[in-house]
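Contents: one structure, followed by commentary.
The model shown is predicted, which means the values in this text are computed figures rather than measured ones.
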Amino acid sequence: MGEMSAVRRYSLKELVEAEKVKVYGRCILLENEALSCDFSASGIEFNAYCSGNVTVDVKVIAPTYGTEPEKSFGCYYTVWVDGIRNDVRRSEEDPRENGLRIDGEGTLVLAEDLPEGWHTFKILKQSNVLRCITELQAVSLTGEFGRRPADSRLLIEFIGDSLTCGTGNLARPDWGDVSINYEESTSGFAYMTADELGADWNIVARPGIGVVFASVNKNNMSEIYHLQCFWRSNKTEQKVGRIPDLVVIYLGTNDNRQLKRGPESAPIFDKAFRHLVDTVISNYGKETPILLLKSRSLTETAKAVIRGIASDYENVNFIPFTHHEGGGEGHPDLAEHRMEADELIAALKERYPALFPAE
């Protein structure tokens with residue numbers, strides 16, 4: 001490769017447009033040449049012939065649409081270097097240090113004192129969009145970038161709430177805390193499902209959100225899914241790029257409270273859920289299969305709506321799905337996310353053998 005040059009800073013705009021980085025999640029280039037990195041498990045992957053230190057400049061911002069800005073909105077990231085996960089190790093007693101963290105604006109160190117040669121890097125956002133939206137501004141290294149990592153054969157999009165984000169999966173029930181410190185999206189069932197099936201992923205999820213009746217915010221998935229990221233802008237429409245091979249929707253737990261109050265809520269829930277499905281179909285085409293996860297914790301009203309939608313749409317199916325509550329405030333813990341990923345993987349292989357053929 002020749003003599004190594006001095007360290008150079010590459011903007012994300014430059015890298016994306018030169019096809020040097022692979023982007024995961026619903027991300028877009030911004031006017032300041034940064035890449036938005038807002039939803040759980042979104043991020044980048046790249047190859048480089050380099051040595052020394054490799055860093056990423058990051059800006060972390062408190063979201064303002066539909067919620068009061070968070071008082072503590074730092075962001076945790078999971079980083080892999082040469083396929084090895086690089087986390088601050090957490091203790092069983094207090095797993096707060098569950099990734100590499102940036103508060104405000106700063107530099108994320110991916111690696112230090114690397115020997116000269118080819119190396120691979122992947123950085124994914126652990127924290128959900130309620131806690132923060134972020135910008136990946138630039139990558140700095142001594143060397144040069146290789147070819148963009150190839151897309152996986154399949155892309156799975158997950159649409160959901162805190163259960164899909166992985167919220168609380170590091171917590172214990174007695175802590176009563178599902179804050180940013182106890183969330184790890186790259187140990188959540190959605191990410192693990194896609195990763196173990198060899199698929200790329202796109203996770204559009206936010207804690208507290210419902211189909212139409214939310215528990216902690218007024219703007220629900222049926223109303224905002226069409227936007228690129230509501231908590232960044234309430235005007236920017238989704239930029240549809242690669243069409244998913246499968247869309248998995250896991251919603252309804254935050255609608256339960258309203259649905260339990262009486263039958264008058266059922267038609268509203270049904271109409272909103274169908275609107276969300278129609279939006280997905282409008283974006284990706286009616287050939288794209290949609291799978292609804294029918295949580296066993298849902299009301300019978302919600303379950304009936306899900307069954308009805310699956311019956312009325314040609315390419316929409318549903319499966320019963322286990323909602324575990326061993327983590328903080330009724331969320332699955334790490335072991336339960338593993339169980340849910342295994343459950344979903346088995347169901348996908350059975351339901352969609354053409355997408356996930358037997359090995």
For Met339, the hydrophobic cluster (side chain heavy atoms closer than 4.5 Å, chained through members) also holds none
Does Glu343 reach the main-chain N or O of Thr322 with its side chain, forming a donor-acceptor pair under 3.5 Å?
-> yes
Any residue meeting ring-ring contact (aromatic ring centres under 6.0 Å, His included) with Phe356, in chain and number order, not counting sequence neighbours | none
Would you sort out whether Asn256 and Ser297 count as a side chain to side chain donor-acceptor pair (under 3.5 Å), showing the intermediate values?
-> CA-CA 9 Å; Asn256 259 350; Ser297 67; 4.7 Å; no
Could you tell me which non-hydrogen atom of Asn169 sits nearest to which non-hydrogen atom of Gly188, and how far apart they are?
-> ND2-N, 4.1 Å
To the nearest 0.5 angstrom, please state how far the CD atom of Glu135 sits from the CG atom of Asp38.
-> 8.0 Å
Answer yes or no for Arg26 and Tyr225: cation-pi contact, defined as NZ/CZ to six-membered ring centre under 6.0 Å and angle to ring axis within 45°.
-> yes
Just by modelled atom types, is the Gly328 backbone N or O under 3.5 Å from a matching donor or acceptor in the His331 side chain?
-> yes
Lys20/Glu144 salt bridge by N-O under 4.0 Å criterion = no
Has the side chain of Asp200 got a donor or acceptor atom that lies under 3.5 Å from a matching backbone atom of Ser152?
-> yes
Hey, are Glu45 and Tyr24 close enough side-chain-wise for a donor-acceptor pair under 3.5 Å?
-> yes
Before giving the answer on salt bridge (Lys or Arg N to Asp or Glu O under 4.0 Å), spell out for Arg9 and Glu14 the whole-Å C-alpha distance, their side-chain angles and the decisive distance to 0.1 Å.
-> CA-CA 10 Å; Arg9 185 177 188 270; Glu14 176 182 5; over 6 Å; no
Between Glu184 and Arg85, does at least one N-O distance fall below 4.0 Å, as a salt bridge requires?
-> yes
Please check if atom CZ in Arg296 has more than 12 non-hydrogen atoms from other residues, nucleotides or ligands closer than 6.0 Å.
-> yes
Under 3.5 Å: donor-acceptor pair, side chain of Asn220, backbone of Val212 = yes
For residues Glu105 and Gln137, is any side-chain donor paired with an opposing acceptor at under 3.5 Å?
-> yes
What distance separates Asn315 CG from Ile290 CD1, expressed to the nearest 0.5 Å?
-> 7.5 Å
Exceeds 12 heavy-atom contacts within 6.0 angstrom, atom CD of Glu237 | yes
Between Asn283 and Gln238, does any side-chain donor sit less than 3.5 Å from a side-chain acceptor?
-> yes
Aromatic rings Phe46 and Phe145: how do their planes relate, parallel, tilted or perpendicular, breaks at 30° and 60°?
-> tilted
Quick one: pull up OH in Tyr49 and OG in Ser51 and give me the separation to the nearest 0.5 Å.
-> 8.5 Å
So does Asp245 pair up with Arg153, basic N to acidic O under 4.0 Å?
-> no
Using a cut-off of 6.0 Å, state whether more than 12 heavy atoms not belonging to Glu264 lie near its atom CD.
-> yes
List, by chain and number, the other hydrophobic cluster members for Val7, where Ile, Leu, Val, Met, Phe, Trp and Tyr join if side-chain heavy atoms come within less than 4.5 Å, directly or indirectly.
-> none
Under 4.5 Å between side-chain heavy atoms, hopping through other hydrophobics if needed: is there a path connecting Ile319 to Val280?
-> no
Between Ser162 and Thr167, a side-chain donor and acceptor under 3.5 Å = no
Taking the side chain as every heavy atom from C-beta outward, state whether Leu12 and Ile44 have any atom pair closer than 4.5 Å.
-> yes
Distance, nearest 0.5 Å, that separates CG of Leu141 from NE2 of His119 | 10.5 Å
At their closest point, which heavy atom of Glu336 faces which heavy atom of Asp333, and how far apart are they?
-> N-OD1, 2.8 Å
Could you tell me whether a side-chain N or O of Asn32 sits under 3.5 Å from a main-chain N or O of Ala34, the two making a donor and an acceptor?
-> yes
Could you walk me through whether Leu355 and Leu154 pass the side-chain contact (heavy atoms from CB on, under 4.5 Å) check?
-> CA-CA 8 Å; Leu355 290 179; Leu154 299 176; 4.0 Å; yes
Using a 4.5 Å cut-off on heavy atoms from C-beta on, say whether the side chain of Asn53 contacts that of Val109.
-> no
What distance separates Ser127 OG from Tyr77 OH, expressed to the nearest 0.5 Å?
-> 7.5 Å
Heavy-atom distance under 4.5 Å between the side chains of Ser40 and Lys125, does that happen here?
-> no
Value rounded to 0.5 Å, distance of CD in Gln126 from CG in Leu170 = 7.5 Å
Do Thr120 and Asn47 have side-chain N/O donor and acceptor atoms under 3.5 Å apart?
-> no
Salt bridge present between Arg274 and Asp270 (N-O < 4.0 angstrom) = yes
So Trp201 and Tyr191, ring pair (Phe, Tyr, Trp, His ring centres under 6.0 Å) or not? Walk me through it.
-> CA-CA 7 Å; Trp201 60 88; Tyr191 170 81; 4.8 Å; yes
Residue pairs meeting ring pair (Phe, Tyr, Trp, His ring centres under 6.0 Å), one or both in residues 244-266, sequence neighbours left out, come to Phe189-Tyr250, Tyr250-Phe321
Applying ring pair (Phe, Tyr, Trp, His ring centres under 6.0 Å), which residue pairs with at least one partner in residues 271-306 are found, sequence neighbours left out?
-> Phe269-Phe273
Any ring pair (Phe, Tyr, Trp, His ring centres under 6.0 Å) pairs touching residues 299-319, not counting sequence neighbours?
-> none
Using modelled atom types only, decide if a donor and an acceptor are shared between the side chain of Asp82 and the backbone of Phe121 within a distance under 3.5 Å.
-> no
